[in-house]
Structure formats: structure tokens, C-alpha cells
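A short write-up of the structure that comes next.
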There are 2 protein chains.
Amino acid sequence: MTTVRGELTRTRILDAALALFRERGYDNTTMRAIAERAQVALGNAYYYFESKDHLIQAFYGRTHDEHLAVCQPLLAETGSLRERLLMVMRAKLDTIEPYHQFAGALFKTAADPASPLNPFSDASRPVREEAIALFRTVVDGATTKIPADLRAELPQLLWTYHMGIILYWIHDRSTGRAKSYRLVEQTVMLIDRLVALAGLPLMGSIRASVLEMIAESQQ
Amino acid sequence: MTTVRGELTRTRILDAALALFRERGYDNTTMRAIAERAQVALGNAYYYFESKDHLIQAFYGRTHDEHLAVCQPLLAETGSLRERLLMVMRAKLDTIEPYHQFAGALFKTAADPASPLNPFSDASRPVREEAIALFRTVVDGATTKIPADLRAELPQLLWTYHMGIILYWIHDRSTGRAKSYRLVEQTVMLIDRLVALAGLPLMGSIRASVLEMIAESQQ
DNA sequence: GTCTATAACCGGATAGAC
DNA sequence: GTCTATCCGGTTATAGAC
């Protein structure tokens with residue numbers, strides 16, 4: 001698995017799979033077709049990827065890395081929470097757009113709590129932590145004033161928010177996913193306002209009780 | 001399908017399926033095993049249910065009817081929004097509890113936008129409308145004062161909220177699903193407070209802009 | 001130990017006879 | 001409305017090449 005040739009074969013299989021998924025969707029792509037396009041035997045594809053579902057996990061990794069690469073230079077500068085979050089969320093939608101048509105199948109396997117692909121599972125903790133770290137960068141580099149207790153929880157909360165947006169996006173049938181972009185704009189503005197509101201002098205006790213509820217419900 | 005005998009066979013297949021799902025989970029139950037327990041041929045099971053997934057849709061219908069039957073007498077009386085919503089949500093969790101172990105598989109098919117089983121799809125509109133109607137009863141019978149514009153949207157919003165709770169419940173590994181019940185209690189209280197807050201004199205414009213955002217994002 | 005290939009197995013789904 | 005026979009594709013076992 002560490003050989004150069006092996007790495008190439010692995011890449012070839014993943015490329016073939018993603019291309020076919022985009023061309024004809026997840027369900028209509030057979031493992032036999034993937035193997036054929038990658039010019040390997042069927043059994044060989046299973047040497048590199050435990051199952052058809054695991055190709056999805058690899059896809060996850062790819063788009064996350066791509067998203068990260070786009071965001072990092074932009075996040076190096078500072079800005080308001082609203083600006084930074086908006087930028088990251090738009091970049092996310094841009095990154096995953098080419099895969100919208102098979103995103104349903106993707107989410108299908110991801111939704112199963114028994115699946116290691118489910119974003120809340122222990123198995124996907126590393127990927128999740130990485131994604132949460134991105135939101136921590138968003139928060140930490142923001143010029144907006146944020147109460148310390150909220151600031152600590154915010155990255156995790158924003159990650160959950162971002163999963164919600166993706167759920168909406170999956171079901172979004174509007175051209176160019178215009179509705180998703182619009183929803184991001186509006187919800188980011190709302191979040192920005194809520195964070196500002198939470199910082200007001202009288203909000204301390206309400207904020208504490210809401211944060212406690214969130215902490216308690218964390219699984 | 002309308003014959004008495006046919007109806008009996010159909011019921012027998014569904015009963016066998018649900019029993020097996022509970023005993024050994026969705027994935028570990030084969031259509032062959034279902035057919036065998038129901039004492040019909042494999043092909044015959046497909047005469048009544050288009051696919052294995054469609055057995056889940058039937059399950060949906062059953063638990064919804066059961067939930068409705070529990071709620072209706074209780075909702076005949078009036079009460080605060082908080083009391084009524086809490087009651088309906090608790091009853092929901094009670095109703096679906098026996099199926100928790102295969103709820104993952106359930107959600108798996110439901111999450112696919114291409115599937116007619118997905119709760120947001122056109123195909124499941126009738127079931128969804130029925131469920132939303134239940135929340136309309138909750139709202140309409142409540143003694144709590146609610147602004148008219150919010151009141152109109154609230155049933156739909158509460159249905160979406162209830163889907164979110166189910167998503168949480170699916171991933172809930174605490175004994176007796178204690179965390180889910182606790183989350184329901186806390187979020188219902190929060191909703192009650194927000195609705196009260198939205199009714200205050202100065203909140204009109206904020207409420208309108210939030211409601212507009214929600215209306216616009218509806219798919 | 002790293003990689004490739006072939007031949008099954010298993011279960012969801014379908015065709016078509018009765 | 002019910003059955004049998006069959007297809008199809010994800011997955012696995014296993015033999016062996018480098």
C-alpha cells in the first residue's frame with residue numbers, strides 16, 4: 001500500500017470511481033465498471049477499497065482537502081466573523097457542487113449510525129476534528145468580540161450548522177444551488193447577529209443555560 | 001390488493017418483516033427470510049412490496065398512526081403550547097422506541113433525495129401533510145398567545161424540528177434514550193420561550209425577516 | 001510482504017408460467 | 001395472486017505472480 005505503483009493504482013481506481021459517479025450516479029455505477037475503467041481486476045479494487053461505500057470516504061477526504069486548500073490563504077487575513085464564515089461556507093458549496101448528483105447516495109450511507117462513514121461516528125473522528133479545526137480558525141481569526149464560553153463551543157456548533165446546510169443542499173433542486181447559497185448568506189448573518197447579541201451585558205445567564213443544554217446533549 | 005385474502009397476506013408479510021427487523025436488524029434480514037416467515041414465496045413478497053425499502057414506508061405509516069392514536073385524546077383538551085408540544089414529542093419517542101435498533105437503516109433510505117421514501121419528497125407528501133396537521137392541532141389548541149404570521153408557519157417549523165430530534169434520537173446511545181427525552185424537554189422549553197419572545201411589541205420586524213427567510217428557503 | 005487475477009457466493013430484484 | 005427459475009451486482013475466497 002506504500003509502494004509508488006500501489007499508490008498509483010489506488011489513485012487510478014478512485015479517479016475512475018469518482019468519474020463514473022459523476023457520469024451516471026452512484027447506484028448506476030458497478031464495481032465491475034470501476035475496475036474496468038481503472039484497468040484492474042474486480043478483486044483488485046477490493047484490495048484498495050474495503051467496499052463501494054469506502055470510496056465515498058475517500059471522496060470526503062478529497063473534497064475536504066480541496067476545501068482546506070482554498071480556505072487557508074483566505075483565512076490568513078483577519079476579518080469579521082460574518083465575512084470569514086461566509087467565505088468558508090461559500091467555498092464549501094463551491095467545492096462539493098460537481099458531486100451534487102451523487103451526494104444523495106453519499107449521504108445515504110453516511111446517515112447510518114452503524115456505518116463508519118457517518119460523520120458523527122468514532123471512525124470519522126479524525127476527519128471531523130479536522131473540519132472543526134477549520135471552524136476554530138474562522139472563529140479565532142475573527143475581529144468580532146465573542147464571550148469566552150461561547151467562543152470555546154462555537155467551532156463545534158458551526159460544524160453542526162455546516163452539516164445542516166449540507167443536508168439542505170443535498171435536497172436543493174434550484175439551478176446552480178442558488179437557494180443553498182442564499183440560505184448560507186441569511187443564516188450566516190443570523191449567526192453573526194446572535195453572537196453579537198450573546199455578548200450583551202444582560203445575556204450572561206441565558207447564554208450559560210443554552211450552552212449548558214448544548215454541552216449536555218453532545219453525544 | 002383489495003381482496004380480504006390479499007390484505008391478510010400483506011399484513012402477514014409486513015408483520016414478519018417488522019418482527020425480523022426488530023430481532024436481527026434491517027441489513028441482517030433477507031427478503032427470503034421474510035417470505036419464509038410469512039409463508040409466501042419470495043416473488044410474492046415483491047407482489048405486495050415494491051422493494052425491501054418499501055417495507056420501511058409501511059413501518060412509517062404504522063408508527064405514525066399509532067402516534068396519532070395516542071395523541072388525539074390528549075390533544076382534545078387545551079393547554080399551553082409547551083405542555084402540548086412536550087406531550088406530542090414524548091409520545092413520538094415512546095412510539096418509535098421499539099424500533100431504535102433498526103432506525104439507522106430506516107433513516108438511511110429516508111436520507112436519499114432520489115428515494116420516494118425520503119420525508120421531503122413529493123411521494124411522501126401525504127404522510128408529511130398528515131404529520132404537519134398533527135402539529136397544527138398542537139398549535140391551534142394552545143392557550144399561548146401567538147402572532148398570526150408565526151402561527152401560520154409554526155406547524156411546518158415544528159415538523160422540521162421534530163425531524164431534527166429524530167435525527168438526534170437515531171444517534172442516541174444512552175440507556176432508554178434518556179438524552180433524547182432530556183433534549184426534547186429543553187428544546188420545547190426554548191421554543192416556548194422564543195414564541196413568547198416573538199410576540200413582544202418590538203419584535204415585529206425581526207420576526208418578519210426571520211419568517212421571510214424561512215419561507216424563501218422552503219423547497 | 002505487496003500486488004493481481006479468477007471463480008465463486010449471497011441476497012435483492014425480475015420474468016413469466018400457472 | 002402465487003409460484004419457480006433466473007439475473008445482476010456487491011462481496012469474498014483463494015491461488016498465485018512479483
Side-chain angles (χ1 to χ4, degrees), chain A residues 1-21 23-59 102 104-106 108-110 112 114-117, chain B residues 1-21 23-59 102 104-106 108-110 112 114-117:
Chain A
M1 218 200 260
T2 44
T3 357
V4 176
R5 190 162 73 110
E7 205 49 58
L8 281 174
T9 308
R10 188 189 173 79
T11 306
R12 227 169 53 233
I13 295 168
L14 183 54
D15 285 340
L18 293 185
L20 284 166
F21 291 162
E23 280 172 31
R24 52 177 97 157
Y26 183 77
D27 286 338
N28 291 323
T29 300
T30 69
M31 286 296 285
R32 286 164 176 85
I34 293 169
E36 191 180 348
R37 178 167 306 198
Q39 303 202 309
V40 296
L42 173 62
N44 201 11
Y46 281 94
Y47 177 80
Y48 289 99
F49 296 94
E50 208 173 309
S51 73
K52 192 178 172 183
D53 285 356
H54 279 73
L55 285 163
I56 288 175
Q57 200 170 41
F59 156 79
F102 92 92
L106 187 156
K108 192 173 158 172
T109 62
D112 187 350
S115 163
L117 302 185
Chain B
M1 214 199 263
T2 43
T3 9
V4 177
R5 190 163 73 111
E7 205 48 58
L8 280 176
T9 308
R10 186 188 174 81
T11 306
R12 225 166 56 232
I13 294 169
L14 183 54
D15 284 341
L18 292 185
L20 285 166
F21 291 162
E23 280 171 31
R24 51 177 97 156
Y26 182 77
D27 285 339
N28 291 323
T29 301
T30 68
M31 286 298 284
R32 285 164 176 83
I34 293 169
E36 191 180 350
R37 179 166 306 196
Q39 304 203 309
V40 295
L42 173 62
N44 201 11
Y46 281 94
Y47 176 80
Y48 287 99
F49 296 94
E50 206 173 310
S51 75
K52 192 178 171 183
D53 286 355
H54 280 74
L55 285 162
I56 288 174
Q57 198 172 40
F59 156 80
F102 91 91
L106 186 155
K108 196 172 154 173
T109 61
D112 186 352
S115 162
L117 302 185

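Everything quoted here is computed from the prediction, not taken from an experiment. By convention in this document, chain letters (A, B, ...) are assigned in the order of the sequence lines, proteins followed by strands, and residues within each chain are numbered from 1.
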N/O donor-acceptor pair under 3.5 Å between A:Arg12 side chain and A:Ala38 backbone: yes
Atom CZ of A:Arg24 and atom P of D:dG9 are separated, to the nearest Å, by 11 Å
Nearest-angstrom distance from the residue atom CG of A:Asp53 to C1' of D:dG10: 10 Å
Could you tell me the separation between the CZ atom of B:Phe49 and the P atom of D:dG1, rounded to a whole number of Å? 13 Å
Using a cut-off of strictly less than 4.0 Å, decide whether A:Arg5 has a side-chain nitrogen or oxygen near OP1 or OP2 of C:dT4. yes
Whole-Å distance separating the CG atom of B:Asp27 from the C1' atom of D:dG10: 13 Å
Please state whether the rings of B:Tyr26 and B:Phe102 are parallel, tilted or perpendicular, taking 30° and 60° as the class boundaries. parallel
If you compare all heavy atoms of B:Thr29 against all heavy atoms of B:Leu20, which two are closest, and at what distance to 0.1 Å? OG1-O, 3.3 Å
Indicate whether OP1 or OP2 belonging to D:dC8 is found under 4.0 Å from a side-chain N or O atom of A:Thr30. no
Using a cut-off of strictly less than 4.0 Å, decide whether B:Asn44 has a side-chain nitrogen or oxygen near OP1 or OP2 of D:dG1. no
Could you check how far NE2 of A:His54 sits from C1' of D:dG10, rounded to whole Å? 14 Å
Just jot down the side-chain hydrogen bond (donor to acceptor under 3.5 Å, both in side chains) partners of B:Glu23, sequence neighbours excluded, or say none. B:Arg37
Length of the CE-P vector between A:Met31 and D:dT12, whole Å: 10 Å
side-chain N/O B:Tyr46 vs C:dA15 OP1/OP2, d < 4.0 Å: no
Do the side-chain N or O atoms of A:Tyr48 get closer than 4.0 angstrom to the phosphate oxygens (OP1, OP2) of C:dT4? yes
Between C1' on D:dT2 and CD on B:Gln39, what's the gap in Å once rounded to a whole number? 14 Å
Out of D:dG1, C:dA7, C:dA13, which has the shortest distance to the side chain of B:Leu42? C:dA13
Is it possible for you to check whether B:Arg10 lies under 6.0 Å from the centre of the six-membered ring of B:Tyr47, through NZ or CZ, and within 45° of that ring's axis? no
Expressed as a whole number of angstroms, how long is the span from B:Leu8:CG to D:dG1:C1'? 13 Å
Reading DNA chain C from 5' onward, which residue's closest nucleotide shows up sooner: B:Glu50 or A:Arg32? A:Arg32
